[in-house]
Amino acid sequence: MKQALFKYLVFIALCIATGARGQISPGEMTRAHTDLDGVNHCTQCHTVGKTVSSEKCLECHQPIKLNMAEKKGYHGSAVVLSKSCVSCHNEHHGRDFKIVVFDKNKFDHKQAGFALEGKHGKISCEACHKPANIANADIRKKSGTYLGLNSNCLACHADYHQGKMSANCAECHNFDSFKNAKPFDHNKTKFPLLGRHKDQISAFGST
Ligand code: HEC
Ligand code: HEC
Ligand code: HEC
Ligand code: HEC
Ligand code: HEC
Ligand code: HEC
C-alpha cells in the first residue's frame, strides 16, 4: 500500500513538473519496452523535474552500465559517454519505432575501442559476434547483440604457445596471419636469455 501511494505521489509530481502534457503518456513504448507502458512505469525512466534520466535507464541496462564504468566498448567511448541516452534512443513513438539506429556496414569499429586490422577486417561480424565468444550467460542468450566480447587475443584464439609467450600475440604477430612472426626477440618470451645463454646468442652475431 505504502509503495503504491508513493508511486502515485511521484507520478503527480512528475505531471506537475512536465506540465499538463505529462498526465497522459505521449505515446506507446517501443516493442522491447512493451512492459513499461502505463502510468505505473513512468518513474522508471523519468525523474521529477528532469525529463529522462540516464541513470534510470542504466538500472535495467547493467551490461551497458559496466562498459561505461570500465570505459569499454562503444557505450564506454569518450564520444558516447559525453551524451545522454535519449540523444540516441527516443521513446513514445509506438511499437515499431526503431529505438536503436545502427548501420552495421557503416560502423567504424575503432569506436568500440578495438580496430579491425588485417584478417579481422575481412571476416564477417558474426565470426566474432557469436554466442560462443560471449562469457556472460545473460548476454549470451540475446540474439543479435554486439555486447559481451572481450578484446584479449586469448578470448578467441587458442594458446598455441601454451603460456610460454606473452598473451598479447600482437607483440610478435601481425593481424594478417600467425605464420610470419616478427623477428624473434627472446626477451619477450617468458624465458628471457640470461647469463651464458645470452653470450651464446651474441657469439652468433645476434643482438
Ligand atoms: C522506457 C522509458 C520511458 C518510460 C517508461 C516513459 N517515458 Fe516518457 N519519455 C521517455 C523518453 C526517452 C522521452 C524523450 C525525452 C527527450 O526527447 O528528451 C520521453 C518523453 C516524455 C515526455 C515529453 C517530455 C518533453 O519534455 O517533451 C512526456 C510528457 C513523457 N515522456 C511522459 C511520460 C509518462 C506520463 C509516462 C508514463 C505513462 C512515461 N513518459 C513513461 C522515456 C520513457
Ligand atoms: C524497467 C527496466 C528498463 C528500463 C527502466 C529501461 N529499459 Fe531499455 N530495455 C529493457 C528490456 C527488458 C529490454 C529488452 C531486452 C534487452 O535488450 O535488454 C530493453 C531494451 C532496450 C534497448 C534495445 C532495444 C532493441 O530493440 O534491441 C534499448 C536501446 C533500450 N532498452 C534503451 C533504454 C533507454 C534509453 C532507457 C531509459 C530512457 C531504458 N532503456 C530504460 C528494460 C528497461
Ligand atoms: C551516440 C549514440 C548513443 C548513445 C548516447 C547511447 N547509445 Fe545505446 N546504442 C547506440 C547504438 C548505435 C547501438 C547499437 C550498437 C551497439 O549495440 O552498440 C546501441 C545499443 C544499445 C542497446 C542494445 C544493446 C544490446 O545489444 O542489447 C541498449 C540497451 C542501449 N544502447 C542502451 C543505452 C543506454 C542506457 C544509454 C545511456 C546510458 C545509451 N544506450 C546511450 C547508440 C547510443
Ligand atoms: C575480430 C573480431 C571482431 C569482428 C570481426 C567484429 N567485431 Fe565488433 N567487437 C569485437 C570486440 C572484441 C568488441 C568489444 C571491444 C571491447 O569491449 O573492448 C566489439 C564490440 C563491438 C561493438 C560495441 C558494442 C557496445 O555497445 O559496446 C559494436 C557495435 C560492434 N562490435 C559491431 C561490429 C560490427 C557491425 C562488425 C562487422 C562489421 C563487427 N563488430 C566485427 C570484435 C569484433
Ligand atoms: C572476438 C574474437 C577475437 C579476438 C578478441 C581476436 N581475434 Fe583474431 N581472429 C578472430 C577470428 C574469428 C579470426 C578468423 C578465423 C581465424 O583465422 O581464426 C581471427 C583471425 C586472426 C588472425 C589471422 C589468422 C590466420 O592465420 O588466418 C590473426 C593473426 C589474429 N586473428 C590475431 C589476433 C590478435 C593479435 C588478437 C589480439 C590483439 C586477436 N586476434 C583477437 C577472432 C578474434
Ligand atoms: C614473443 C613472441 C611471440 C608471442 C608473444 C606470440 N608468438 Fe606465436 N609465434 C612466435 C614465433 C617466433 C612463431 C614461429 C615459431 C613457432 O612456430 O614456434 C610463432 C608461431 C605461432 C603459430 C604457428 C603459425 C604457423 O606456422 O602456422 C601460431 C598459431 C601462433 N604463434 C599463435 C600465437 C598466439 C595465439 C599468441 C598469443 C596468445 C602468440 N602466438 C604469441 C612468436 C610469438
Side-chain angles (χ1 to χ4, degrees), residues 7-8 10-66 68 74-75 80 83-102 119 136 138-148 150-193:
K7 271 190 183 161
Y8 179 72
V10 172
F11 176 62
I12 294 297
L14 176 71
C15 294
I16 295 166
T18 55
R21 291 170 304 152
Q23 291 173 39
I24 39 159
S25 168
E28 267 191 338
M29 296 284 117
T30 188
R31 189 153 285 114
H33 287 156
T34 303
D35 293 348
L36 298 178
D37 263 329
V39 293
N40 290 330
H41 300 290
C42 312
T43 55
Q44 284 182 277
C45 296
H46 291 272
T47 49
V48 182
K50 207 177 168 193
T51 313
V52 173
S53 138
S54 293
E55 288 72 38
K56 293 215 161 195
C57 307
L58 290 171
E59 275 173 33
C60 290
H61 292 293
Q62 291 295 328
I64 301 266
K65 187 176 183 177
L66 194 67
M68 289 169 71
Y74 178 65
H75 289 83
V80 183
K83 295 181 180 158
S84 64
C85 312
V86 296
S87 63
C88 297
H89 304 296
N90 216 310
E91 257 302 358
H92 298 292
H93 301 285
R95 291 285 186 264
D96 293 328
F97 177 73
K98 283 196 169 59
I99 190 174
V100 178
V101 181
F102 185 65
K119 183 80 176 270
N136 180 298
D138 291 328
I139 304 177
R140 203 185 308 133
K141 276 185 254 158
K142 291 189 184 185
S143 65
T145 187
Y146 290 108
L147 296 172
N150 185 317
S151 59
N152 294 337
C153 314
L154 285 176
C156 303
H157 292 286
D159 189 3
Y160 176 80
H161 303 286
Q162 307 195 354
K164 293 190 184 69
M165 303 287 193
S166 161
N168 181 10
C169 323
E171 281 177 21
C172 302
H173 294 280
N174 59 41
F175 287 88
D176 295 317
S177 161
F178 280 115
K179 285 213 167 68
N180 307 305
K182 286 174 195 162
F184 197 64
D185 176 356
H186 227 293
N187 291 319
K188 284 188 178 164
T189 71
K190 289 191 176 167
F191 299 101
L193 294 181

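Counting starts at 1 for both ligands and their atoms, in listed order. The shown structure was predicted, so the numbers you read here are calculated from the model rather than taken from an experiment.
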Short list, please: which atoms of ligand 6 are under 4.0 Å from a heavy atom of A158?
35 (C)
Atom name of the N, O or S atom in H92 that lies nearest to atom 8 (Fe) of ligand 1:
NE2
Between C42 and ligand 1, which part of the residue brings a heavy atom under 4.0 Å of the ligand: side chain, backbone, both or neither?
both
Any side-chain heavy atom of E91 sitting closer than 4.5 Å to one from H33?
yes
Considering only heavy atoms from C-beta outward, does the side chain of N168 approach that of E171 to under 4.5 Å?
yes
Can you list the ligand 6 atoms lying under 4.0 Å from a non-hydrogen atom of C172?
1 (C), 2 (C), 3 (C), 4 (C), 5 (C), 42 (C), 43 (C)
Is the closest side-chain heavy-atom distance between K65 and H75 below 4.5 Å?
no
Whether D159 and K164 form a salt bridge (side-chain N of Lys/Arg under 4.0 Å from carboxylate O of Asp/Glu) is what I want to check.
no
Kindly indicate whether the side chain of H89, heavy atoms from C-beta on, has any atom under 4.5 Å from the side chain of V100.
yes
Please tell me whether F178 and H157 form a close aromatic pair, meaning their ring centres lie under 6.0 Å apart.
yes
Only heavy atoms of L154, strictly under 4.0 Å: list the atoms of ligand 6 that pass.
38 (C)
Among T47, L58, V86, side-chain contact (heavy atoms from CB on, under 4.5 Å) partner for S53:
T47
From CD (Q44) to SG (C60), nearest 0.5 Å
6.0 Å
Note: ligand 1 atoms sitting under 4.0 Å from heavy atoms of G38 are 37 (C), 38 (C)
Please could you name the atoms of ligand 1 that S25 approaches to less than 4.0 Å, counting only its heavy atoms?
38 (C)
Indicate, as side chain, backbone, both or neither, the part of H173 found under 4.0 angstrom from ligand 6 when only non-hydrogen atoms are considered.
side chain
Any side-chain heavy-atom pair from R31 and D96 closer than 4.5 angstrom?
yes
Do E28 and H92 get their side chains close enough for a donor-acceptor pair, meaning under 3.5 Å?
no
The atoms of ligand 6 lying under 4.0 Å from a heavy atom of A181, numbered in the order shown, are 10 (C), 11 (C), 12 (C), 13 (C)
Using a strict cut-off of 4.0 Å, indicate which atoms of ligand 6 neighbour a heavy atom of S166.
5 (C), 37 (C), 41 (C)
Nearest 0.5 angstrom please: C156 SG to L154 CG, how far?
9.5 Å
When you look for protein heavy atoms under 4.0 Å from ligand 2, which residues do they belong to?
A32, H33, L36, Q44, C45, V52, K56, C57, C60, H61, C85, H89, I99, V100, K142
Is H161 close enough that one of its N/O/S atoms sits under 2.8 Å from atom 8 (Fe) of ligand 6?
yes
